[in-house]
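To start, the structure under review is shown below, and the notes come after it.
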Protein chains: 2
Amino acid sequence: MLCEDDPNLGQLLLEYLNAKGYTTDLATDGQEAIKAFKRGSYNFIILDVMMPIKDGFTVAQEIRAEDKHTPILFLTAKSLKEDTLKGFEAGGDDYMTKPFSMEELLARINVILKRSNPFVLADEEEVDDSLGNFVFQYKKQKLILGDQETKLTTKENELLFLLSKHRNGILERSFALKTIWGDDNYFNGRSMDVYIAKLRKHLKADDRLEIINVHGKGFKLIAP
Amino acid sequence: MLCEDDPNLGQLLLEYLNAKGYTTDLATDGQEAIKAFKRGSYNFIILDVMMPIKDGFTVAQEIRAEDKHTPILFLTAKSLKEDTLKGFEAGGDDYMTKPFSMEELLARINVILKRSNPFVLADEEEVDDSLGNFVFQYKKQKLILGDQETKLTTKENELLFLLSKHRNGILERSFALKTIWGDDNYFNGRSMDVYIAKLRKHLKADDRLEIINVHGKGFKLIAP
DNA sequence: CGTTTTACTTAACTTGATTTAACAGGGTTA
DNA sequence: TAACCCTGTTAAATCAAGTTAAGTAAAACG
C-alpha cells in the first residue's frame, strides 16, 4: 500500500511499483490509509509523512497497534534528525528523504522484504539460507545436503522458513499457526506438531541442528 | 564489526556502539575486515565504502560469497544514485551518507537486526556459562558435564539462568516468580520450589555447587 | 475415467513438562 | 515450646507435545 497526498508523485510511484511486479493500492490521506489497511492485507506499506487529516507517523502508530510485522517505509520532504528518529520510533523500517530515486526506493523495498517476508519478493532472487551443513532453498522448496536434495512439501517449507527466520529464538506457536495455517486452533496445532516431527527427521542428518520445544510458547531452531 | 579507515570516526563509532550494548570490533581497511570476518562471528557488519586496499563494496561481495545472512550497512561520503544502488547490489541492507547522526545509525541497526535475527538485539543475555565443572548453555537449554549432556526443561533453564546471573548473591523469590511465571502467588511459589529441588538434583554431580535457601528472601547459588 | 500418488489432517496412543496436592521438616517469633 | 509460616520432597493430576498410523481429498497419472 502506498499513501501519498501529492497526486502526481502518487500516480508515478503507483505505476512504477506495479510495473516492477508489486501490486499496489494508492491512498491519498492518512484516514484512507488506515481504512485500506484494515480492509486489505498488505505486504508492505509506504507512507508519506506530511499529509492532510492524519500524518504518516500517526498512521504508522495506529497500524503498529494491530500489526507489528508489516514493514513500513516513510517518505518525507523533511530530513530533520528528530523526524528521522521519530519515524523509527513509530515502528518504521526505513526513512527516505525527497527527492529520491525510484530505483533506490525499489532496492530498499526489496532488501526489507527479503529479511521480513521473502514469500512476496517481486524478482527472481534466490533466497538460499545455510542451516548447518544444509542449504535451504525456500523458493525451490528444497533442502540440500552435499549432493542429496530433499523436496519439501509446502507446509514443511513454510514452517522451516519461519523457524529459520527466528533461528536461535522462539517461534511462537500461535504466530506460526496464524501465519501458515491462518488460524490458531487445536487441530491446526496438532497438525503443526506433526510437521515439526517431519522436519526433525529431515534435520537429523546434521546434529548441530535441533528443534527444541519451549513448553507452552513455541519452538526454537538451534543453528550455528 | 565496524570497518572504517578514518581513525577519528572509527573510534567514535566504536565507543558509541559499545556504550549502546553492541560489542564491536574495529577494522581499518578492507583486507583487515575480511580477515576479521573469517576469524570472528559477527551479527552485523558496518562498512565504509571508500577505503584503502579494498573498498567496501568488494568487501561486501566477498563476505556475501560465504555468508548471505549477516546484515551489512554501508557508510559513505558519496551520495550518488549509482553508488547507492551498487551498495544494494553488493548485498547491502542499508546505505547511509555522511554526515549522519549516530542515533539514526543505531536506529537503523536495531530495525535491521529486529527483522533479520531478533535474538542478537543489544539487550540479549550471555549465552554459555561455566558453573563449577558444568557448562550451562542457556540458548540450547543444556547442562554439560564432560561428555554428559542433560536437557533442561524451559522452567529449569530459566530458573538456572536467573540463579546463575545472581550467583553468590540472593535471587529473590518474588523477582524470580514475576520474571519466569509472571505472577508471584502461592501456587507458582510452590511450583518454583519443585524446580529448585530438580535443579539441586542436576547440580549434585558437582559438590562445589549448591543452592541454598535464604529464609523468606529467596535462593542463592553458591558457585566458584 | 478410474487408479495411484501425494499432501495434509485427524485420530489414537505415548511421552514429557508443569502444576497441584499432600505430608514432612525447618525457622521464626510470641 | 507452641503456633505459624516457609521450604523440601515426592507423587498424582493435568495439560502440552511427540509419534505413528489411519483417513481424506485433491492432483497426477495412465
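Below, chains carry the letters A, B, ... as their sequence lines are ordered, and counting in each starts from 1.
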Taking the side chain as everything from C-beta on, heavy atoms only, tell me whether [X] gets closer than 4.5 Å to [Y].
X      : Y      : value
B/I72  : B/R64  : yes
A/P71  : A/N43  : no
A/K155 : A/I180 : yes
A/L160 : A/H202 : no

Take the protein atom [atom1] of [X] and the nucleotide atom [atom2] of [N], then report the distance between them rounded to whole Å.
X      : N      : atom1 : atom2 : value
B/K217 : D/dT7  : NZ    : P     : 10 Å
B/Y195 : D/dT7  : OH    : P     : 19 Å
B/F187 : D/dT7  : CZ    : C1'   : 16 Å
A/I211 : D/dT19 : CD1   : P     : 10 Å
A/L159 : D/dG18 : CG    : C1'   : 15 Å
A/K151 : D/dA28 : NZ    : P     : 12 Å
A/L177 : D/dA17 : CG    : P     : 10 Å
B/M192 : D/dT9  : CE    : P     : 14 Å

Is the A/F136 to A/F161 ring centre distance short of 6.0 Å?
no
Are the ring centres of B/F175 and B/H166 closer than 6.0 Å?
yes
Assign [X] to base, sugar-phosphate, or nothing according to its heavy-atom contacts below 4.0 angstrom with the strands shown.
X      : value
A/T153 : sugar-phosphate
A/N213 : sugar-phosphate
B/F219 : sugar-phosphate

Considering only heavy atoms of chain B and a distance under 4.0 Å, specify the first and last nucleotide of DNA chain C in 5' to 3' order that meet this criterion.
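That gives a stretch of C/dA17 to C/dT28.
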Can you tell me if B/R190 touches the phosphate of D/dT9, counting only side-chain N or O atoms and a distance under 4.0 Å to OP1 or OP2?
no
Can a salt bridge be assigned to the pair A/D193 and A/R173 using a cut-off of 4.0 Å between side-chain N and carboxylate O?
yes
Please tell me which of the listed nucleotides, D/dT7, D/dT19, D/dA17, lies nearest to the side chain of A/H215?
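Nucleotide nearest to A/H215's side chain: D/dA17.
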Winner on side-chain proximity to A/V194, out of D/dG8, D/dT20, D/dG18, is D/dT20
